[in-house]
Amino acid sequence: MLYLNNIYKTFNENTVNEKLVINNLSLHLRQGDFVTVIGGNGAGKSTMLNLIAGVYPPDRGEILLDGESVTLLPEYKRAKNLGRVFQDPMMGTAANMEIQENLAMAYRRGSKRGLKWGITKEEKALYVEKLKTLDLGLEERMSHKVGLLSGGQRQALTLLMSTLKQPKLLLLDEHTAALDPKTADRVLDLTQKIVSSNKLTTLMVTHNMKQAIMYGNRLIMMYEGKIIYDVEGEEKKNLKVSDLLQRFETVSHGSFANDRMILS
Amino acid sequence: MEALLSMYGGVAQGLTWTIFALGVYITFRILNYSDLTCEGSFALGGSISAVLVVKLGANPYISLIAALILGMGAGMITGFLHTKLKIPAILSGILTMSGLYSINLRIMGQPNTSLLANNTALSLIKDKLPTASELGIRDSVLQTTITMFLGIIFSIIVIAFLYWFFGTEMGSCIRATGNNDAMVRAQGVNTDWTKIIGLAISNGLIALSGALVTQTQGFADVGIGIGAIVIGLASIVIGEVLFFKAKNFAIKMFGVMVGSIIYRIIVALVLRMGFDTSDMRLLTAIVVAAALSIPTLANKKKPLARKEGHRDAIS
């Protein structure tokens, strides 16, 4: 499904701020995998997702999506296969546009935009149905500006938008980190529902170890731009937060007490 | 009587400048891009329209279309500089604007061109009407009335076009680009192109407006665009203040038209009060700066109350 082969990425090359963020990273996702990604600050989790999405190209290495090399494809061309939800609830939607207009744009992900009217009647009926599944009452507010919604509502909407047109791969970049705990749980439940009902291959970055264990069939831990732990199936189900912390402690030689605090 | 006549002239001028203000509205409010190309493309429209009529004997209305097309080209150059060559937005506009100044001088071969001896968009209509003395009005009043008529017709056509265009799939993507371009790319749209198309339409309309102004006032001037962006912004701001409740896009554009007219009426009145024409840009700049800073100043005054209100609004 998705192959990352020996990827390297350095930021601010040849400056004092040079940082090797992704260091010979390889990863293979199978169809239907729901993988949670954990790691401390600067481990390269978001960078990995951005490389897959094509926000920037890797310095070396190859990215294959569904058998096709997308390594050098620009972001907007890869978008037809990818659903994305960002950490910042403001990132995934256009605030000054209506809920239905945002959905209409997502519905056309990957197709050419012409001079046809931007939204049709049949679509609106579909959007009402889809918004009902969120159970947030948004179906009553189709023509409201998205800027009027709360962060949680916007994330739920972005999640719906990212899967309105079935993506080959869903990328969730700490999409609940900016939400309060209750709303975060709600959005996570919704994520689980959408992922399992559409059988989506998913990569979900999270700061929260409990979430990482609770959701998905596979877990990877990143450290200094590499995958240092990759676990799935029964073994993953039986993981405890303390196991993960210990593993993290071992690889980082206990020197990153700060990271431990962030992770716990 | 004289005061009324100058206000009447102001209304007509406001109508011919409406399309200019709408062009600025597209970049400033929809694309969220401060585009200075407009100052060059406005004069470009006037120059090309005047030269086509005077030197090549072209139909004045054909010259308007030529201006529209060349203006779109100017906008595309700015868009190319900004998106493909990664030059900052303001600077891209300044570069095109500066280049256009020389080009406009080349086109006309001189700093200004008179159309008095030629057919213009205005004279073609005037020739079909009875003369001013037959109608019992001053010649200047007749000319102003025809200018007004042309301004209304063109403004309505442009507003209808923009209303349709920004409702299409492509137009929606351009609107969203001004909002959040990362989101638009995530939806599979090349935001370089949405920006280039937006700038092209904006500057095409601005050049059309420049041509229409030239055709109705009877001369083209290479310096007509200097400082024009503040006039466009003033029209937008006046329109937004008057139509602050407007949600419908067509009404917002209608607000820009009203803003453009009111701006010209204010100018006519201020000039009658004894101000010099050359002071107008400064006065306009001060008014626009004040109007644009109101939201910031209002926020500073009551930081707590504002923030609470904001939270209420989104939760």
Side-chain angles (χ1 to χ4, degrees), chain A residues 50 53-55 74-86 88-98 100-120 143-154 158 161-162 164-165 167 171 180 183, chain B residues 25-26 28-33 83-84 86 160-198 200-201 240 245-250 252 295 307-315:
Chain A
N50 285 338
V55 177
E75 187 180 1
Y76 72 92
K77 280 192 183 160
R78 293 189 208 188
K80 75 166 187 252
N81 295 323
L82 301 175
R84 287 161 73 192
V85 186
F86 310 91
D88 180 354
M90 308 297 145
M91 277 278 284
T93 45
N96 291 344
M97 294 174 72
E98 297 170 1
Q100 54 188 3
E101 289 177 326
N102 273 274
L103 286 163
M105 262 188 296
Y107 191 57
R108 288 165 176 73
R109 183 161 46 75
S111 33
K112 276 241 177 294
R113 311 303 213 281
L115 294 174
K116 283 197 294 266
W117 199 243
I119 182 165
T120 65
S143 58
H144 285 210
K145 298 262 147 81
V146 169
L148 297 170
L149 305 183
S150 69
Q153 289 171 331
R154 280 181 84 157
T158 310
M161 283 166 61
S162 66
L164 196 56
K165 184 121 196 274
L171 301 173
D180 65 82
T183 317
Chain B
Y25 185 84
I26 293 172
F28 185 67
R29 280 295 186 229
I30 297 180
L31 267 183
N32 199 12
Y33 185 113
T83 58
K84 302 294 180 192
K86 310 282 179 221
F161 165 77
L162 291 177
Y163 185 79
W164 165 76
F165 179 75
F166 283 107
T168 63
E169 293 172 345
M170 195 188 282
S172 300
C173 291
I174 294 174
R175 280 190 293 148
T177 304
N179 250 233
N180 180 352
D181 58 350
M183 173 263 189
V184 178
R185 280 193 296 277
Q187 304 307 335
V189 176
N190 186 348
T191 48
D192 287 357
W193 273 104
T194 53
K195 286 175 191 166
I196 291 173
I197 294 170
I201 291 175
E240 285 175 344
K245 275 189 178 158
K247 288 214 173 82
N248 185 296
F249 181 51
K252 285 183 181 176
K307 267 182 191 156
E308 290 293 321
H310 184 60
R311 204 164 288 156
D312 283 348
I314 61 168
S315 63

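By convention in this document, chain letters (A, B, ...) are assigned in the order of the sequence lines, proteins followed by strands, and residues within each chain are numbered from 1. Note that the structure is predicted; figures quoted are calculated from it, not measured. The figures here come from the full heavy-atom set of this structure, side chains too, leaving out hydrogens, waters and symmetry mates.
- In this structure, chain B has a heavy atom under 4.5 Å from the backbone of A:Lys112, while its side chain stays farther away.
- Separating the OG1 atom in A:Thr183 from the CD atom in A:Gln153 is a distance of 9.0 Å, to the nearest 0.5 Å.
- Heavy-atom distances place both the backbone and the side chain of A:Lys116 under 4.5 Å from chain B.
- Within the 3.5 Å criterion, the main-chain N or O of A:Asn96 finds no donor-acceptor partner in the side chain of B:Arg175.
- In this structure, the side chain of A:Arg109 engages the main chain of A:Ser162 through a donor-acceptor pair within 3.5 Å.
- Here A:Arg78 pairs with nothing under the salt bridge (charged side-chain N to carboxylate O under 4.0 Å, His left out) rule; sequence neighbours left out.
- Contact annotation for A:Phe86: only side-chain heavy atoms (C-beta onward) come within less than 4.5 Å of a heavy atom of chain B.
- For the set A:Lys80, A:Arg84, A:Met105, the entry with the most heavy-atom pairs within less than 4.5 Å of chain B is A:Met105.
- Interface remark: A:Ser111 contributes no atoms to any contact with chain B (heavy atom separation under 4.5 Å).
- Considering CD of B:Gln187 and CG of A:Leu164, their distance stands at 9.0 Å, rounded to 0.5 Å.
- Only the side chain of A:Glu101 comes within contact range of chain B, with heavy atoms under 4.5 Å apart.
- B:Thr191 pairs by the side chain to side chain contact (heavy atoms under 4.5 Å, CB included) definition with B:Thr177, B:Asp181, B:Val184, B:Arg185, B:Thr194, not counting sequence neighbours.
- Only the side chain of B:Phe165 comes within contact range of chain A, judged by heavy atoms closer than 4.5 Å.
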